[in-house]
Amino acid sequence: METLESYVAGAWITGTGKMSILVNPTTEEALAQTSTEGIDFARAVAYARAEGGPALRALTFAQRGELLRAMARILHANRDALIESAILNAGNTRSDAKFDIDGASGTLAHYADLAKELGEQRFLLDGDAVQLGRTARFVGQHISLPRSGVAVHVNAFNFPAWGLAEKAACAILAGMPVISKPATSTALLAYRIVKLFTEAKALPDGVLSLVTGSPGDLLTHLGGEDVLAFTGSSDTGKTLRLMPNIAGNSVRVNVEADSLNGAVLGPDAGPGSDTYNMFLRDVARDITQKAGQKCTAIRRIFAPASVIDQVRDDLVDRLRDAKVGDPALDGVNVGPLATAAQLRDIRAGIERLATESKIVIGGTGDFEKVGVAAGKGYFVAPTLLVNEAPDSARHVHDHEVFGPVATLLPYSGKADHVIAQVRKGRGGLVCSTYTDDRAFTAEMIFGIAPYHGRLMFGSEKIADQAPGPGTVLPQMIHGGPGRAGGGEELGGLRGLAFYSQRVAIQGARPILEAVLGAKKS
Ligand code: NAP
């Protein structure tokens with residue numbers, strides 16, 4: 001069996017001791033093993049700070065962008081082999097794997113383009129100089145420059161390629177070296193990617209390290225100059241935030257956590273309309289794509305009570321067409337969940353939801369899987385529930401079931417009613433609304449925007465072109481308040497802020513202009 005290594009302090013190292021096993025979630029066969037025992041994480045952190053940081057800070061934005069461009073090209077050139085790894089270890093269908101891998105190369109390429117626009121600078125002026133004194137000679141200028149430590153990235157199991165790349169793109173462009181830790185269960189793809197980068201010598205020493213397995217004491221070595229970006233469950237996010245050195249040294253932390261994303265069908269978007277069909281397409285896609293293991297997937301579907309039966313029947317028709325099975329086979333569009341633990345959690349989650357909602361398709365029983373040996377694999381049927389008492393329901397607004405599962409809820413057709421229900425998610429990554437009515441759009445924006453990181457409005461005019469709410473785009477921010485972790489990533493150049501120190505510089509205008517290129521107030 002293949003043993004995965006970690007790449008730290010400029011070298012590939014095999015851990016010792018007890019190995020964690022990575023499995024194929026379709027067959028349950030062991031694929032690879034890994035351990036990080038014996039790895040000197042203090043040295044790994046020190047090396048990234050001492051080697052990777054200075055190497056990046058010596059480069060201009062344009063030069064850092066060339067590194068990102070090289071990374072994107074490597075992913076693209078090895079796309080087919082990477083897709084195979086994703087199918088094997090993450091249970092991705094070919095289309096799911098492309099979503100992850102092309103998302104990774106696309107995000108790197110997007111940041112490479114932004115870098116080109118930033119050109120030959122090494123830091124950014126933040127706004128114009130402002131006059132502070134009696135005369136225009138005394139000014140203040142804000143600048144943003146790279147933080148001097150290391151960026152540690154802890155990622156979830158569901159996007160091993162994109163998760164690594166989207167965080168690394170922002171950090172490297174901002175000028176911070178990265179230590180990336182993928183979730184152990186699906187680490188094969190991230191491992192293959194970083195192997196490709198090191199074989200091609202794509203990055204200066206210390207710029208990107210990889211921890212393939214348990215983080216050991218890695219996070220205890222972080223100090224005030226470092227940052228930690230975490231994606232995963234709220235519980236782990238909370239544990240990391242409360243670590244004594246993280247809290248005590250004010251280590252900057254970004255958390256991307258759970259979310260009970262809503263999709264709202266507007267009262268005007270009647271069955272048969274383009275907007276209605278877009279709503280059905282996005283909901284069905286989010287339930288089935290990546291077997292529902294997307295942080296942005298729609299979990300709560302709100303439809304006016306007057307059309308709820310029609311919506312239920314139309315969604316059931318679409319979900320009935322979904323082929324679940326071996327993700328390597330053509331025609332299969334729903335693969336397995338990533339791990340046995342996920343299978344247990346999702347089944348328990350469906351049962352919990354079913355205490356107050358009715359299962360209309362799917363559920364926890366046995367069902368037909370294409371090309372899968374009897375009794376094998378971590379499969380769950382696409383599942384739709386209907387909750388007829390959303391005002392008193394609890395679990396549907398409170399418990400994220402991270403699989404191919406969503407619940408349909410009726411509302412009165414009035415914006416204030418559905419806004420109150422959406423808000424019960426207590427902070428989300430994204431909410432989508434399907435309407436061509438401007439007044440309803442305005443009510444939704446101002447009613448739910450403060451509770452979300454992103455809102456998507458589907459309408460007739462964009463029905464044929466908009467990617468659904470589940471697609472995170474590098475141009476737009478990703479993250480959300482409250483339950484969603486309170487974090488923010490991406491959003492074009494906004495994504496660099498987390499890795500940068502903003503400083504106010506006050507002094508004599510001619511000197512600051514000479515040194516910083518500060519503009520006059
Ligand atoms: P998880 O158990 O919290 O694990 C996430 C990551 O944290 C993994 O890399 C895990 O490593 C690591 N980890 C766990 N305990 C740790 C500790 N004490 N110290 C340091 N690292 C630790 O979450 P999950 O079950 O893999 O992911 C599913 C959750 O992620 C879902 O709830 C989903 O909503 C959320 N998610 C959010 C987003 C977003 O962008 N907001 C995206 C994807 C997923 P090991 O694998 O080695 O244990």
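Indexing begins at 1, ligand by ligand and atom by atom, following the structure's order.
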(request) Salt-bridge test for Arg299 and Asp286: reply yes if a basic N is under 4.0 Å from a carboxylate O, no otherwise. (result)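 Judged by the 4.0 Å cut-off on N to carboxylate O distance, Arg299 and Asp286 do not form a salt bridge.
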
(request) Taking only Lys NZ, Arg NE, NH1 and NH2, and the carboxylate oxygens of Asp or Glu, determine whether Asp102 and Arg79 approach each other closer than 4.0 Å. (result)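 Result for this pair is yes, salt bridge flagged.
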
(message) If the criterion is any heavy atom closer than 4.0 Å to an atom of ligand 1, which residues make the list?
(response)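 Only Val154, Asn155, Ala156, Phe157, Asn158, Lys181, Pro182, Ala183, Thr184, Pro215, Leu219, Phe230, Thr231, Gly232, Ser233, Thr236, Leu240, Glu256, Ala257, Asp258, Cys295, Gln342, Glu400, Phe402, Leu429, His478 have heavy atoms that fall under 4.0 Å of ligand 1, ordered by chain and number.
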
(request) Quick one: sort the Phe302 and His397 rings into parallel, tilted or perpendicular, breaks at 30° and 60°. (result)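 Because their plane-to-plane angle is under 30°, the rings of Phe302 and His397 count as parallel.
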
(message) I want to know whether Phe402 and Phe157 have ring centres closer than 6.0 Å.
(response)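 When the ring centroids of Phe402 and Phe157 are compared, they turn out to be within the sub-6.0 Å range.
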
(message) Among Glu5, Glu2, Glu84, exactly one meets salt bridge (charged side-chain N to carboxylate O under 4.0 Å, His left out) together with Arg192. Which residue is that?
(response)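 Looking at Glu5, Glu2, Glu84, the match for Arg192 under the salt bridge (charged side-chain N to carboxylate O under 4.0 Å, His left out) is Glu2.
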
(message) Per the salt bridge (Lys or Arg N to Asp or Glu O under 4.0 Å) rule, what does the pair list look like for residues 246-258, sequence neighbours excluded?
(response)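 Checked against salt bridge (Lys or Arg N to Asp or Glu O under 4.0 Å) - neighbours excluded - no pair reaches residues 246-258.
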
